[in-house]
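Atoms considered below: every heavy atom in the structure, side chains included; atoms not considered: hydrogens, waters and symmetry mates.
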Amino acid sequence: MNPEKYRKDFPLLVRGFEGKPVVYFDNACVTLKPRQVIEAMNRYYEEFPACHGRSYHKLGMKVTEEYEKARETLKKFVGAKRSGEIIFLRNTTEAINLVANSIGLKKGDVVLTSDKEHNSNLVPWLFLEKKAGIKHEVVKTGEEGILEPEALQEAINRKVKLVSLVHTSNLDGTTFPIKELAAVCRDHGIPILVDGAQSVPHKEVKVDRLGVDFLAFSGHKMLGPSGIGCLYGRYELLERMEPFLTGGDTVEDTTYTSCRLSKPPEKFEAGLQNYAGAIGLAEAARYVERVGRENIEKHEVKLNRLITEGISGIAEILGPGPEKRGGIVSFTVPGIHPHDISAFMDMHNIFIRSGAHCVHSWFNARGLEGSARASLYLYNTKEEAEKFVEVLKKTVETFG
Amino acid sequence: MYSEKVMDHFRNPRNQGKLEDADGVGTAGNPICGDVMRFYIKVRNGKIIKTGWETFGCAAAIATSSALSEMITGKSLEEARKVTREAIAEYLGGLPPIKKHCTSLALEALKKAIKNYEEAGK
């Protein structure tokens with residue numbers, strides 16, 4: 001895969017920031033947007049900025065058509081059976097909150113997660129413990145930072161009503177064996193929710209092949225706009241669930257004292273939707289498919305290997321070897337605060353992340369203050385990786 | 001890169017540490033970057049005669065704490081209150097834009113320490 005072929009599509013890579021070229025290595029947080037995505041969104045705003053589903057005029061029809069086309073694109077993107085299994089919402093966080101609040105958890109029910117969850121797959125459960133009296137239990141990851149199916153198997157008991165796991169960790173880039181973990185859940189008849197925020201943009205993730213019941217992911221991490229994401233849910237489960245938010249478009253009919261709910265996905269999409277976002281996300285999915293997620297993954301591992309070899313003498317990298325960390329290099333340098341590393345990188349227009357990456361629980365349990373993290377995507381180049389290594393070496397010299 | 005003065009204050013921090021006989025203590029934290037600063041002041045006749053600080057954070061946060069402690073020692077409470085973010089950055093020979101927030105944190109901790117002293121005296 002040649003990233004140069006794609007870089008011309010990204011205005012920020014062409015123009016730079018304030019006229020200076022940038023090395024953008026914060027893709028696990030937000031990716032850049034290609035002009036195709038921006039143009040697709042602008043088309044909505046310029047040509048048919050109306051409402052879907054309920055306005056019987058040409059503009060309304062056009063929005064309905066484009067919005068449902070977007071849903072169809074996302075359906076194929078994740079390998080869902082029917083487009084009604086794709087719910088548009090704001091992001092992964094909202095998707096997890098939807099399942100948490102709608103799947104009907106009751107007092108005494110147990111939800112299992114791992115010890116490497118982003119706050120988005122931790123805090124909703126902590127609140128449900130208080131609000132609904134559920135119990136949240138954390139299953140520990142094993143060697144190489146992944147959750148072993150055996151460990152999950154051991155943690156399951158009759159009270160477990162949901163398993164909610166990260167697919168690829170934003171902390172160190174490791175990927176859980178979700179297919180095997182989902183098989184354990186299926187054996188026990190327990191639904192599994194997967195946080196795909198870091199996996200869906202970077203590797204071939206298909207719900208039918210993985211056998212998962214729910215998959216949550218965000219647009220802003222896969223070349224799409226912010227404020228739009230998806231929840232895939234198995235239709236039979238969605239049918240049984242109550243809506244998380246209620247109001248316009250979640251119902252077929254109302255009287256002053258009652259309402260009749262719509263079918264999925266409408267049941268879960270309350271109020272006027274982010275049409276430009278959904279259209280932009282579908283365009284992003286098409287872009288990612290054109291490049292090919294297998295190619296993206298290979299490309300990232302190649303750059304990751306280069307960075308890992310370049311910095312392993314001076315930095316301590318979290319997790320196993322680069323082959324198992326996709327596009328993420330999370331590291332610490334003894335004696336240098338992670339925020340100083342990112343500040344030095346910033347002075348060279350290399351944008352990385354530092355801190356706890358919203359996984360405070362993991363760092364706190366180990367008494368660590370955080371890490372610096374470089375995260376890659378399809379437009380990053382070998383030259384950028386080399387520059388990163390060079391600047392990190394300079395940083396160490398400055399502080400040494 | 002950080003200025004020479006920033007690196008100097010980071011490597012040789014002035015007045016660092018807890019002040020056991022402090023008259024006022026103030027803590028400020030930034031929940032986003034996770035940095036925490038605590039300022040201690042000892043006051044005689046309206047003047048800060050001694051300062052101390054504890055900072056958990058990056059080099060810029062440490063240098064900022066160190067610089068501010070130097071700037072206010074020997075000054076009246078009124079003068080200490082008037083120190084600005086820009087003055088600290090200038091004292092340090094400049095700070096990168098993304099580190100300017102460290103100066104706010106230090107000033108917040110100092111102002112809380114002064115308030116703590118004044119309220120204790122009432």
What pair of heavy atoms forms the shortest contact from [X] to [Y], and how long is it?
X	Y	result
B:Pro96	A:Met347	CG-CE, 3.5 Å
B:Ile98	A:Ala343	CD1-CA, 3.6 Å
B:Asp35	A:His339	OD1-CD2, 4.0 Å

Please indicate whether [X] has more than 12 foreign heavy atoms, meaning atoms of other residues, nucleotides or ligands, lying under 6.0 Å from its [atom1].
X	atom1	answer
B:Arg81	CZ	yes
A:Glu383	CD	yes
B:Lys100	NZ	yes
A:Arg7	CZ	yes
B:Lys50	NZ	no
A:Lys387	NZ	yes

Problem set entry | A:Asp340, part contacting chain B, at a heavy-atom distance under 4.5 Å | both
Exercise. Given a strict heavy-atom distance threshold of 4.5 Å, which part of A:His360 is in contact with chain B: side chain, backbone, both, or neither?
Worked result: neither
Exercise. Which residue out of B:Pro97, B:Gly57, B:Gly34 racks up the most heavy-atom pairs below 4.5 Å with chain A?
Worked result: B:Gly57
Exercise. Non-hydrogen atoms of chain A under 4.5 Å away: do they reach the side chain of B:Phe10, the backbone, both or neither?
Worked result: side chain
